[in-house]
2 protein chains.
Amino acid sequence: METSGTMDVRTVCLGMLTDGAASGYDLKKHFESTFAHFFAAGYGSIYPALSSLCEQGMVNCECIPQDGKPDRKVYHITAEGRTFLLKALENPTPCHKVRSEFLATMCFAHLMPDAQIEKVLDSRLEDCAYYTKMISEVEASCMQDWPPGKRFVAGFGKAMIEAMKTYVEENRHLLTEESASKSATG
Amino acid sequence: METSGTMDVRTVCLGMLTDGAASGYDLKKHFESTFAHFFAAGYGSIYPALSSLCEQGMVNCECIPQDGKPDRKVYHITAEGRTFLLKALENPTPCHKVRSEFLATMCFAHLMPDAQIEKVLDSRLEDCAYYTKMISEVEASCMQDWPPGKRFVAGFGKAMIEAMKTYVEENRHLLTEESASKSATG
DNA sequence: ATTTTATATATCGAACTGATACTATGCATC
DNA sequence: GATGCATAGTATCAGTTCGATATATAAAAT
C-alpha cells in the first residue's frame, strides 16, 4: 500500500484545499485555469478523489443543502490531510511528462499533404496563444495572492509555451515539400 | 464507433510499422528512445495494441519460432492499416499535453523546507540533461535515415528541454527563503 | 419561447500506467 | 558454481485516469 510520494489527482486536490475549503466544482475551475497547462483533471477524477480522501479522513465534508439543486459539498482539509500532503511533497524526483499527439503526428509528416501539415502547425500556434493568454489572465487576477511557487509555475508555463511557439515558427518550413523543392532547385 | 482521428498507442505503433516490420519488443525500444520525450508506452499498451490491430486487419503477424524462447512475432502493416493511419493523421488539431508532478509539487513549495525544494529542482535539471543526451545520441546514430518530421520532433524536444533548463536555473532563487530574506534585508 | 451558460454532483467504459510474471541465454562477479 | 544482472521476448493485471454523458435547476441571452 503506497500512501505517499505520488502527486496524483487526490494529492493535488488536497493541496488545493490548503488554500481554503472548496467543492469539487470549485476545484475543477482551478484545474481548468491555473493548473490547466500542466495538470488537467476532469470530474471523473476529482469526485472519486474527494470521496476517497473523505473516507481516509484527509478531508471533512460539509454538506450545504440548497433548494432544488443537489447539496453543495464543501471539503475542508484535516490535520491528517496536511501530514499526508507534506509526506507526498517529500518525493525528491517528481516526474514531468509530455504526451503529444501533435509530435506523434509530425513524425509521420512525410505521409501527409502539405496543406494538412500547415493546418496542424497553425492549430498548435493557436493553442500556444490560448494558453499564453489564459496564464496571463489568471496571473493578472490573482498573482498578488499567490505564493512564490505558483508564480514560478505560471512563469514556467509561459516560458515553455513561448519556446514552443518560437520553435514551430522557425522550423515549420522543414516539414513541407516547398522547402524540399527549394533546397533542390536553389 | 470512432475509427479515426486519435493518435493513440495503436496508431503510433501502426506508424512505426511503416518504417518496416517489427515485433512488440522492437517497438518498445522506439518508445524508449526516439519517442521517449513525448510519447511513452509500455508493454501493457503495446501488446494489446498489436493484438487489436491484428484482429482488425491493420497488420499481419508473422510468427517466427525460436528454440526455447517464445515465438518472435513480427508485425507487417497492411494496405488497410496504411489507409487507417492516413485517416488518423487527418486530425487537424492533435493535442499536446503536459502532466507534471514536478510543477504540482512546486505549487506547494511554501509548505516545503528549502533543502527539499533544491533537491527537486536539481533532479529536474538532471532529467533535462538525461533527455538532452538521449535525443542527441539517437540523432547521432540515425538522423540520416530520418524523414524531416522526425528531425523536427527531435529538435522540438531539445528546444523545449533547453527552455526548461534555462527557466529553472534562472528562476529557482524565487522559491527559497534565502531570496525572501535577501530581498527583505537588501 | 428556446437556447445557452452557470451551478453542482455523479457515473461508466475505454484507455493507459507501472509493475510483475514467465522463459531462456550469456556475461560478470563473488 | 552460484548469484545477480543484461538482453531478448511475450504477456497480463490492478489501479488510475480520460472523455463523454446523465441529472437537475435557474438565470440570462437570443
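This is a predicted model, so every value here is computed, not measured. Sequence lines set the chain letters: A, B, ... in the order given, protein chains first and strands last, and positions in each chain run from 1.
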(Q) Within the 4.0 Å heavy-atom criterion, would you say A/R10 contacts the bases, only the backbone, or no part of the nucleic acid? (A) nothing
Between NE2 of A/H30 and P of C/dA8 the distance, given in whole Å, is 13 Å
To the nearest angstrom, the CG-P distance between A/D26 and C/dA6 comes to 15 Å
Of the listed D/dT17, C/dA8, C/dC16, the closest approach to the A/D8 side chain comes from D/dT17
Ranking B/S51 and B/K97 by the position along DNA chain D of their nearest nucleotide, the one closer to 5' is B/S51
Counting the atoms with a prime plus P, OP1 and OP2 as sugar-phosphate, which does A/G42 contact under 4.0 Å by heavy atoms, base, sugar-phosphate, or nothing?
nothing
Winner on side-chain proximity to A/S45, out of D/dA11, D/dC18, C/dA8, is D/dC18
Taken to the nearest whole Å, OH/A/Y43 to C1'/D/dC18 is 15 Å
Salt bridge check: are A/D19 and A/K150 linked by an N-O gap of less than 4.0 Å? yes
Atom CZ of B/F39 and atom P of C/dT17 are separated, to the nearest Å, by 7 Å
Exercise for review: Check every strand shown and say whether A/K28 touches a base, only sugar-phosphate, or nothing at a heavy-atom separation below 4.0 Å.
Suggested key: nothing
Atom CD1 of A/I46 and atom P of D/dT16 are separated, to the nearest Å, by 16 Å
note: B/R72, atom CZ; C/dT25, atom P; distance rounded to Å ~ 18 Å
With the side chain defined as heavy atoms from C-beta on, B/Y25 is closest, among D/dG9, C/dT7, C/dA10, to D/dG9
Atom CZ of B/F31 and atom P of D/dT10 are separated, to the nearest Å, by 14 Å
| Can a cation-pi geometry be assigned to B/R99 and A/F39, taking NZ or CZ under 6.0 Å from the six-membered ring centre and within 45° of the ring axis? | yes
For salt bridge (charged side-chain N to carboxylate O under 4.0 Å, His left out), just list the numbers for A/R172 and A/D122, CA-CA rounded to whole Å, side-chain angles, deciding distance to a tenth of an Å, and then say yes or no.
CA-CA 10 Å; A/R172 61 185 300 168; A/D122 288 341; 3.1 Å; yes
Any side-chain N or O of B/Y47 under 4.0 Å from OP1/OP2 of D/dT10? yes
Quiz prompt | Under 3.5 Å side-chain donor-acceptor pair for A/E101 and B/H96 | solution = no
Between CG of B/L50 and P of D/dG9 the distance, given in whole Å, is 14 Å
- Could you check whether the rings of A/F152 and B/Y167 sit parallel, tilted or perpendicular, using 30° and 60° as the cut-offs? tilted
Among the nucleotides D/dA11, D/dA8, C/dC16, whichever has the atom closest to the side chain of A/R99 is C/dC16
Using a heavy-atom cut-off of 4.0 Å across all strands, would you classify A/G24 as base, sugar-phosphate, or nothing? sugar-phosphate
Side-chain atoms of B/K29 come closest, of C/dA10, C/dC16, D/dA8, to D/dA8
